[in-house]
Amino acid sequence: MSRALRPLVLAALSAAGCAFPSLDPTGLELAWQIRESNAADGDDARRLRTCEGALAAAVEAAIADEDDPDRRGTFTYPCESGYATAEVLQAEPSDVFVSLRPGDYQVDAALLSGAGLFRVPISERVSIPARGQALLAPSFELPTVDVLVRFSGQAACQTLTAHLRYQSPETALVPDDGAGGSSGGTGGAGGTGGAGSTGGTAPPPEDLYRRALATDAGLSLSGASADCAGLPPTHLVEALDVGRYVLDLALDGGAACPIAVTVDRPGLAFSFDLANLPCAG
């Protein structure tokens with residue numbers, strides 16, 4: 001039995017002219033989701049991101065008829081239009097549907113960032129049945145970035161704690177996706193590398209990005225105390241998922257200084273002077 005169609009975003013693949021969906025359309029239903037890649041807390045802790053949380057703007061789908069090379073087309077959809085979890089797809093169809101005649105097709109899809117900074121491709125072969133629909137619902141793996149962190153001013157403190165948390169978990173994460181707990185809590189300051197207001201201690205556990213994440217020099221990013229005197233000046237944080245975060249830095253058990261960090265491209269480096277944190281004073 002065909003899935004009920006609720007088409008808000010429609011397309012038709014043809015050599016020329018236009019095609020319109022019939023009351024019993026034949027074609028390809030497209031849906032997608034986006035999952036984190038960083039596995040510091042284990043594979044099951046990789047959470048589903050929203051399009052906003054993944055910094056993703058669109059999904060592009062290039063579709064080619066394997067039996068007729070002249071029948072091909074490329075369609076671009078807003079990321080939100082076809083985003084759906086497996087649970088949602090069990091209850092209702094995707095809003096994205098491509099009208100196709102029966103046959104075999106090659107589909108090359110890609111998740112695109114808003115600024116063109118990343119592209120996550122997938123390729124699938126799909127078969128369209130006669131007077132029916134096929135469903136293609138890929139899970140895109142979020143790109144990761146290695147980030148360099150530099151510290152200076154270690155003489156200004158005895159201990160340092162660092163927490164890396166989601167900037168706005170309520171909008172960045174899909175709630176109740178079964179990985180890493182439910183989202184919640186308050187977001188941090190906006191902007192890249194900017195400062196938030198002073199205050200707060202440890203964030204709620206569900207707001208933490210990863211509990212087991214640490215730099216290559218051993219600095220925990222989930223709140224374990226480090227000795228300032230022995231703190232190396234340079235640290236590498238490997239395989240951070242693209243997104244917006246807040247790095248809370250606290251000296252000598254004092255109030256946390258929340259610093260907003262946007263991870264959206266390779267080659268990022270952030271520098272922090274512990275003697276003059278951006279929210280000090």
Candidate list D252, L160, T159, test side chain to side chain contact (heavy atoms under 4.5 Å, CB included), partner S225, passing option: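 When D252, L160, T159 are each tested with S225, the side chain to side chain contact (heavy atoms under 4.5 Å, CB included) holds only for T159.
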
Checking side chain to side chain contact (heavy atoms under 4.5 Å, CB included) against V174, which of I34, T50, V88 comes through?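 Of the listed residues I34, T50, V88, the side chain to side chain contact (heavy atoms under 4.5 Å, CB included) partner of V174 is T50.
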
Do R119 and E60 meet the salt-bridge criterion of a basic N to acidic O distance under 4.0 Å?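 Judged by the 4.0 Å cut-off on N to carboxylate O distance, E60 and R119 do form a salt bridge.
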
Ionic contact status for D68 with R101, cut-off 4.0 Å: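 Between D68 and R101 there is a salt bridge, with a charged N closer than 4.0 Å to a carboxylate O.
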
Treat each ILVMFWY residue as a node, draw an edge where side-chain heavy atoms are under 4.5 Å apart, and state whether L208 and L247 are in one component.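 No: no chain of side-chain contacts under 4.5 Å links L208 to L247.
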
Could you give me the CA-CA distance, side-chain angles and deciding distance for Y105 and R71, then say whether side chain to side chain donor-acceptor pair (under 3.5 Å) is met? CA-CA 10 Å; Y105 294 83; R71 297 187 66 251; 3.2 Å; yes

Residue pairs fulfilling ring-ring contact (aromatic ring centres under 6.0 Å, His included) with at least one residue in residues 225-244, sequence neighbours excluded: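 As it turns out, the ring-ring contact (aromatic ring centres under 6.0 Å, His included) pairs with a partner in residues 225-244, which skip direct neighbours, are F151-H235.
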
Stepwise, does the side chain to side chain donor-acceptor pair (under 3.5 Å) test hold for T144 with D241? CA-CA 4 Å; T144 62; D241 289 294; over 6 Å; no

Taking C-beta and beyond as the side chain, do [X] and [Y] meet within less than 4.5 Å on heavy atoms?
{"X": "E29", "Y": "L89", "value": "yes"}
{"X": "V126", "Y": "D104", "value": "no"}
{"X": "F97", "Y": "L28", "value": "no"}
{"X": "R49", "Y": "Y166", "value": "yes"}

Steps toward side-chain contact (heavy atoms from CB on, under 4.5 Å) verdict (L274, S152): CA-CA 6 Å; L274 299 179; S152 60; over 6 Å; no

For Q106, I'd like to know if atom CD has over 12 heavy atoms of other residues, nucleotides or ligands within 6.0 Å.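 Yes, because the 6.0 Å sphere around CD of Q106 holds more than 12 heavy atoms from other groups.
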
Using the rule given for side-chain contact (heavy atoms from CB on, under 4.5 Å), can you reason through L221 versus R165, listing the C-alpha separation, both sets of side-chain angles and the distance that settles it, and then say yes or no? CA-CA 9 Å; L221 296 180; R165 58 183 169 92; over 6 Å; no

